[in-house]
Amino acid sequence: MKGKIFTEIQFSLVTKGEKVTFWEVAVNNIPKYKKDEILYLKEPYRIENNKIFYQYETREIRQGNWKNKLFMPASAARYFIRITDIKFGSLHETCCHDCILKGLPPEKCHKNKIKRKEKDTTIWIYTFELIDCIKDK
């Protein structure tokens, strides 16, 4: 099973059901994910006394032995998404809201202000749904 990394803000929106799309630059015109594929959401975590703690869940001091979300295994995940639709598009066509959530500065989001090189960038736009925990991760 593949994992998906979001920023902390994006992660929060996904888990609240307020974010249901993400996009990635198209490489070789082959999508990275397939329709109905299930991904687990990666987040910083730590294990103490055989119990998993999640950094995005706790508002404690964020120091300590947090493991980098990049290396989180599926077995430690608590959130999963299913890809429900995949579209091929251009960055220019992507709405401002998604650009901001992806991390582009607001001044770059307006379609007329996106640089020519970025306008020509093709992307895969994935729509997904948050699903219940998967057994036998």
Side-chain angles (χ1 to χ4, degrees):
M1 182 183 305
K2 295 176 186 171
K4 177 66 184 150
I5 295 176
F6 290 105
T7 64
E8 185 173 359
I9 292 168
Q10 292 171 334
F11 185 93
S12 176
L13 293 172
V14 168
T15 59
K16 291 176 188 173
E18 296 174 12
K19 177 176 174 59
V20 295
T21 62
F22 67 89
W23 56 266
E24 293 185 349
V25 174
V27 178
N28 299 329
N29 294 333
I30 300 171
K32 184 176 181 179
Y33 308 109
K34 296 180 172 99
K35 188 171 189 230
D36 294 323
E37 185 170 3
I38 295 172
L39 312 175
Y40 69 97
L41 301 187
K42 293 184 170 192
E43 60 183 309
Y45 71 105
R46 71 177 181 217
I47 300 173
E48 292 178 9
N49 300 323
N50 292 324
K51 184 174 180 191
I52 301 174
F53 296 90
Y54 301 96
Q55 188 177 22
Y56 292 165
E57 177 180 62
T58 181
R59 293 293 165 224
E60 302 170 3
I61 298 174
R62 294 191 170 210
Q63 297 173 349
N65 296 333
W66 295 108
K67 296 181 186 267
N68 188 316
K69 63 185 170 186
L70 184 64
F71 306 108
M72 179 186 211
S75 60
R78 59 185 173 145
Y79 292 108
F80 300 83
I81 58 175
R82 176 182 293 121
I83 303 296
T84 57
D85 193 28
I86 305 169
K87 294 180 184 170
F88 189 74
S90 72
L91 181 59
H92 182 69
E93 296 168 353
T94 305
C95 73
C96 183
H97 179 70
D98 280 349
C99 285
I100 292 170
L101 291 177
K102 184 69 177 180
L104 290 177
E107 62 273 7
K108 283 188 140 186
C109 288
H110 192 274
K111 291 180 182 181
N112 295 329
K113 291 187 178 181
I114 294 177
K115 295 177 185 172
R116 178 74 189 149
K117 182 180 177 185
E118 292 172 341
K119 282 183 181 180
D120 294 337
T121 301
T122 54
I123 59 173
W124 290 106
I125 304 165
Y126 298 93
T127 304
F128 61 85
E129 64 183 353
L130 189 64
I131 60 173
D132 291 331
C133 184
I134 304 299
K135 292 185 172 145
D136 300 324
K137 302 180 232 179

Next on the checklist: Contact between Leu130 and Tyr79 at the side-chain level, heavy atoms closer than 4.5 Å - yes or no?
Outcome noted: yes
Checklist entry - Can you check whether Phe22 reaches Ile81 side chain to side chain, under 4.5 Å on heavy atoms? => result yes
Item to check | Pairing residues for Lys69 by the side chain to side chain donor-acceptor pair (under 3.5 Å) criterion, not counting sequence neighbours | outcome: Tyr56
Donor-acceptor list for residues 36-45 side chains, cut-off 3.5 Å, not counting sequence neighbours:
from  : atom 1 : to    : atom 2 : distance (Å)
Glu37 : OE1    : Lys34 : N      : 2.8
Tyr40 : OH     : Met72 : O      : 2.7
Lys42 : NZ     : Leu70 : O      : 2.9
Glu43 : OE1    : Arg78 : NH2    : 2.9
Glu43 : OE2    : Arg78 : NE     : 2.8

Checklist entry - Can you check whether Trp124 and Phe88 have ring centres sitting under 6.0 Å from each other? => result yes
Item to check | Over 12 non-hydrogen atoms of neighbours within 6.0 angstrom of NZ in Lys2 | outcome: yes
Checklist outcome for this item: Interatomic distance, CD1@Ile125 vs CH2@Trp23, rounded to 0.5 Å, equals 9.0 Å
Checklist entry - What's the spacing between Thr127 OG1 and Lys35 NZ if we round to 0.5 Å? => result 10.0 Å
Checklist entry - Which pair of non-hydrogen atoms, one from Ile131 and one from Arg82, has the smallest distance, and what is that distance? => result CG2-NH1, 3.7 Å
Next on the checklist: Would you compute the distance between atom CD of Glu8 and atom CD of Gln55 and round it to the nearest 0.5 angstrom?
Outcome noted: 7.0 Å
Checklist entry - Just by modelled atom types, is the Ile9 backbone N or O under 3.5 Å from a matching donor or acceptor in the Ser12 side chain? => result no
Next on the checklist: Minimum heavy-atom separation for Trp66 and Tyr54, please, with both atom names.
Outcome noted: CZ3-C, 3.6 Å
Checklist entry - Hey, is the main chain of Lys32 close enough, under 3.5 Å, to the side chain of Tyr126 for a donor-acceptor pair? => result yes
Item to check | Plane angle bin for Phe6 and Phe128 - parallel if under 30°, tilted between 30 and 60°, otherwise perpendicular | outcome: tilted
Checklist entry - Should Phe80 and Val20 be regarded as members of a common hydrophobic cluster, given that ILVMFWY residues are connected when their side-chain heavy atoms come within less than 4.5 Å of each other, either directly or indirectly? => result no
Checklist outcome for this item: d(Ile83 CD1, Thr21 OG1) to nearest 0.5 Å is 10.5 Å
